[in-house]
Amino acid sequence: MSTAAAESDIAVQVTDLHKSFGPVEVLRGIDLKVRRGEVVCIIGPSGSGKSTLLRCVNVLEEPTAGTVVVDGVELTDPDVDIDAARRKIGMVFQSFNLFSHLNVMNNLTVAQRKVLKRSREDAEKTGLANLERVGLAGRENAMPAQLSGGQQQRVAIARALSMDPDVMLFDEPTSALDPELVGDVLGVMRRLADEGMTMLVVTHEMQFAREVADKVLFMDAGVVVEEGPPEQVIGKPREERTRTFLSRVLNPTHVDQ
Ligand SMILES: Nc1ncnc2c1ncn2[C@@H]1O[C@H](COP(=O)(O)OP(=O)(O)OP(=O)(O)O)[C@@H](O)[C@H]1O
């Protein structure tokens, strides 16, 4: 493969990324590469910087140093049209963030119409197709409060998909859900992965990471401690810090002394 072809195969490239909040350095030199069609899961203890990394990837947080390149566009370049570049990135948060006063269809169409300037007809057509994709066809007139948390999260995924993103970022998309609703959301994410969507997922769902990820990154204290295929990082971790973390999350009854 030529260098140019190899580079165009890369959807997200993060190089030597640092982020500080005041005196506290939360990210301390992160390198990350996501190829097109790849699912990369980021795991690690609370406070290790996973969400901050994801937020730096679409520049919701401004990195202190380092570069973020998405689809060949450097988002950390001050001269780049950041709004245009960010349109290629869909983001799904822990807390769905739907507009509570808008029904499902209007939640799906508002950004399409405002940002992409789509006609109402086009926006609704795209919205319906994506509602179907997340298994919620027929619920377009429901208000968010009439839906379960899992259904609301699936609407949030449909909303992000309606902007035709090249890359989807998920920040602990199931951690605000009752346990019985987690499976539906993970099922939708699994299908997206099967469809070839490029996905960067911060998650505590080890089974999902194990079964769906092409690559897993274990982060601790602002650095990537270990990365590789899930069967290595989760199945046979090389680093003591990874083993300690995994023994805690895989044995949740463990209580720290
Ligand atoms: N806006 C902010 N201002 C100051 N400190 C922040 C800010 N955002 C994050 N932090 C701090 O950065 C550290 C990393 O937070 P982050 O949310 O990225 O971790 P995380 O690994 O995603 O944790 P969790 O799994 O609990 O969500 C934490 O100590 C947090 O308090």
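These numbers come from the heavy atoms of this one structure, side chains and all, not from hydrogens, waters or symmetry mates. Numbering of ligands and ligand atoms starts at 1, following listing order.
- More than 12 heavy atoms of other shown residues, nucleotides or ligands fall within 6.0 angstrom of atom CD in Glu180.
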Begin from the C-alpha positions of Lys117 and Asp122 and carry the test salt bridge (charged side-chain N to carboxylate O under 4.0 Å, His left out) through to its verdict.
CA-CA 10 Å; Lys117 310 287 181 211; Asp122 280 353; over 6 Å; no

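- At a 4.0 Å heavy-atom cut-off, the residues surrounding ligand 1 are Phe21, Val26, Pro45, Ser46, Gly47, Ser48, Gly49, Lys50, Ser51, Thr52, Glu172, His204, listed by chain and number.
- Under the 3.5 Å distance criterion, with hydrogens and angles disregarded, no donor-acceptor pair is assigned to the side chains of Glu74 and Thr67.
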Could you pull out every donor-acceptor pair under 3.5 Å between side chains of residues 210-218 and any protein atom, sequence neighbours left out?
from, atom 1, to, atom 2, distance (Å)
Glu211, OE1, Arg190, NH1, 3.1
Glu211, OE1, Arg190, NH2, 2.6
Glu211, OE2, Gln207, NE2, 3.0
Asp214, OD2, Val39, N, 2.7
Lys215, NZ, Lys33, O, 2.8

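- Within a 6.0 Å radius of CZ in Arg243, more than 12 heavy atoms belonging to other residues, nucleotides or ligands are found.
- Of the possible donor and acceptor atoms, one in the side chain of Gln112 sits under 3.5 Å from a partner among the backbone N and O of Ala123.
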